[in-house]
Amino acid sequence: MTSLPDTSAAGQKKLGLVIDLDTCVGCQACAVSCKEWNDQGMSAPLSDRDPHGADPLGVWLNRVHGYEAGEGAEAQGVYFPRSCLHCEDAACVTVCPTGASYKRAEDGIVLVDPDTCIGCKLCSWACPYGAREYDQDQGVMKKCTLCVDRIYNDNLQPEDRVPACVKACPTGARHFGDLGDPDSAVSRLVDEREGYGLLPELGYKPVNKYLPPRRRDAAAAPPSLASLAGEGDGLTERFFRWADRVLSR
Amino acid sequence: MHPAYSVILFTSLSGAGYGLLGLLGLTAGTTTSLPGPGTLIAAFLLAFLLITGGLLASTFHLGHPERAWRALSQWRSSWLSREGVLALATYPPALIFAWLAITDHDGGLLRVLGLVTAFLCAITVVATAMIYASLATIRQWHQPLVVPVYLAFALASGATLLLGFAVLGGQMQPGHLILAGGTLVLALLLKTLYWRAIDQEPLDLDMGKATGLGHLGRVRQWEGAHTAENFVQQEMGYRIGRRHAGKLRRLITFGLALALLCVLLTAVLPGSLGAFGVLLALAFTLAATLVERWLFFAEAQHVVTLYYGAERA
Ligand code: SF4
Ligand code: SF4
């Protein structure tokens, strides 16, 4: 059923990710381990066309962008992982004509049933975040499952029952938990660091949250090159200033 | 948005079919001036052919056309599903109506079924338009004028077809001319208003808002997430149409204006020359509709483009 479950009740479980843009270093480990896990798990296969050729096209459920914000010395680079945010008002689900797209009432995970999806791609149009990628070979839509086949998997060690991306992140920039529980570790993180959801203007109410990068303070700015010659009166500084003058002629 | 040819064909052809069928229903329901049986058979045949052909065309772009029946299940939430249900629901009353009309039945049942058919045709076209108009992710589609424009183009192409059958069947009446001319003017007017509306709307989303990094200053993309294009870029990042939007808009306007001119010529030209005029009018209307539908996709910008380097959306 592509009508959304009622998730307004207090204590409703909302599983999701909290991504720390301050610590992410853009290493792509999350994206690669996502591809690896889901290429064998319930989303398998995540088809690639011409993977080693000139014009490769493949399905990935997690993409890490690099942005730059601010001007000049103030500018800072920010790596920005982007995957399904398991929105509360997920129009990707309600537009689906077949019922293949659904949001689970018990934990809020948004999934696609590959056995009933007709591959009309309308859900990908309805997602503002580009989280859905069409599998050309299978003719069905693919998306992040929040590793539903890991997080409840009794065959895995308890510490491995987290999404593959969370497990893989070397800087601990990805946190997994219940964002419906105000006392959970992820909810507290969001409170402390003023975590935010993407594009609130569109009203999708994403469950996943992002922690903003801390503003780079002036003290952390790299030393300017000019200071090599120095301002002081020491012998070396005078020598370098002299060398600079001679060499600049 | 990438214009999928099957969808463009579907919406244009089935739109014309629903326009023609709906106008036949309306004519039967409100007047006594349906064309004679021979002309009617041809008109109904073409209407059903266009509608059915369009519906089939719309399944071509599916990953699993054999599962298309599943799309009838989610009418509670999905406009695409509603469109499918309404399209199918139109067939039974429309087929009975066609049969009654062709067998020269004229009574209450014919009128009622004619009106029911016309109504179902109209709401099917509305459902098609709502698939696009309901998407908050695409500013150029999330517009109140999208539904009226779809209806107007369906009416204009349907009315031009009806005029064609009336002329070729030698049964043209002033009403046919007024209907074709009027709906062509309506389509041109609404489309022009639509263009003005989308041009005037401020593009108030930018990369800073999309990433939530705007508070740090201007945000730009300095490293793409992947080196080759992915599905999202191919499906949602179409640019060609936006670059040529001005020219294509003039082309559509020109096509509709020429169609209108040909309708006027049909009114004054005698006999076979009139038939020639109406065929030209048909060709221009259909061409303008196809270009209009293509541009509707090509000049629509999806908000996800912001993550891929678009400045505004
Ligand atoms: S991020 Fe996109 S695919 Fe995921 S729930 Fe939200 S709208 Fe749906
Ligand atoms: S592509 Fe599949 S999951 Fe997406 S809307 Fe179509 S049928 Fe539903």
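Values reported hereafter were calculated over all heavy atoms of this structure, with side chains retained and with hydrogens, waters and symmetry mates removed.
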Per-residue contact mode, [X] against chain B (heavy atom under 4.5 angstrom):
{"X": "A:C96", "result": "backbone"}
{"X": "A:E74", "result": "neither"}
{"X": "A:R82", "result": "side chain"}
{"X": "A:Y129", "result": "both"}
{"X": "A:A91", "result": "neither"}
{"X": "A:F80", "result": "side chain"}
{"X": "A:A75", "result": "side chain"}
{"X": "A:E68", "result": "both"}

Heavy-atom distance under 4.5 Å between the side chains of [X] and [Y], does that happen here?
{"X": "A:V95", "Y": "B:Q74", "answer": "no"}
{"X": "B:V304", "Y": "A:P128", "answer": "no"}
{"X": "B:R67", "Y": "A:T98", "answer": "no"}
{"X": "B:Y307", "Y": "A:H65", "answer": "yes"}
{"X": "B:L205", "Y": "A:E201", "answer": "yes"}
{"X": "A:V78", "Y": "B:W222", "answer": "no"}

Taking all atoms of both residues into account, what is the closest heavy-atom pair of [X] and [Y], and its distance?
{"X": "A:R215", "Y": "B:H215", "answer": "NH2-O, 2.9 Å"}
{"X": "A:P56", "Y": "B:A228", "answer": "O-CB, 3.4 Å"}
{"X": "A:S124", "Y": "B:H302", "answer": "O-NE2, 4.0 Å"}
{"X": "A:G130", "Y": "B:V232", "answer": "O-CG2, 3.6 Å"}
{"X": "A:L198", "Y": "B:T211", "answer": "CD2-O, 4.0 Å"}
{"X": "B:H64", "Y": "A:G139", "answer": "CD2-O, 3.2 Å"}

Which atoms of [X] approach chain A - backbone, side chain, both or neither, heavy atom under 4.5 Å:
{"X": "B:W141", "result": "side chain"}
{"X": "B:L135", "result": "side chain"}
{"X": "B:Q221", "result": "both"}
{"X": "B:Y132", "result": "side chain"}

Report yes or no: does B:T137 contribute a side-chain atom to a donor-acceptor pair with the main-chain N or O of A:W125 at less than 3.5 Å?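 Side chain of B:T137 to backbone of A:W125: a pair is present.
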Against A:P97, only a single residue in B:I131, B:V85, B:L80 fulfils side-chain contact (heavy atoms from CB on, under 4.5 Å); can you say which?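 It is B:L80, the one option of B:I131, B:V85, B:L80 that forms the side-chain contact (heavy atoms from CB on, under 4.5 Å) with A:P97.
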Over 12 non-hydrogen atoms of neighbours within 6.0 angstrom of [atom1] in [X]:
{"X": "B:E66", "atom1": "CD", "answer": "yes"}
{"X": "B:R220", "atom1": "CZ", "answer": "yes"}
{"X": "B:E311", "atom1": "CD", "answer": "no"}

Nearest-0.5 Å distance that lies between atom CD in B:Q234 and atom CD in A:Q136: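 Rounded to the nearest 0.5 Å, the CD-CD separation comes out at 7.0 Å.
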Please round to the nearest 0.5 Å and tell me the distance separating atom CZ of B:F231 and atom CE of A:M141.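 If I round to the nearest 0.5 Å, the distance is 4.0 Å.
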Closest-packed option against chain B by number of heavy-atom pairs under 4.5 Å, given A:G26, A:P200, A:C117, A:G77: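 The residue among A:G26, A:P200, A:C117, A:G77 with the greatest pair count is A:C117.
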Among A:L122, A:D135, A:T94, A:L21, single out the residue with the greatest number of heavy-atom pairs under 4.5 Å to chain B.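 Looking at each option in turn, the highest pair count goes to A:T94.
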For the residue pair A:Y67 / B:E223, report whether a side-chain donor-acceptor contact shorter than 3.5 Å exists.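 No pair is found: no donor N or O on one side chain lies under 3.5 Å from an acceptor on the other.
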Please determine, among B:E229, B:M207, B:R82, B:H226, the option with the most heavy-atom pairs under 4.5 Å with chain A.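 Highest number of pairs under 4.5 Å: B:H226.
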Chain A contacts, top residue of B:G84, B:G212, B:A225 (heavy-atom pairs, under 4.5 Å):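 Top count of heavy-atom pairs under 4.5 Å with chain A: B:A225.
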Pair A:E71 + B:R218, salt bridge at N-O below 4.0 Å: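 Answer for the salt bridge query: yes.
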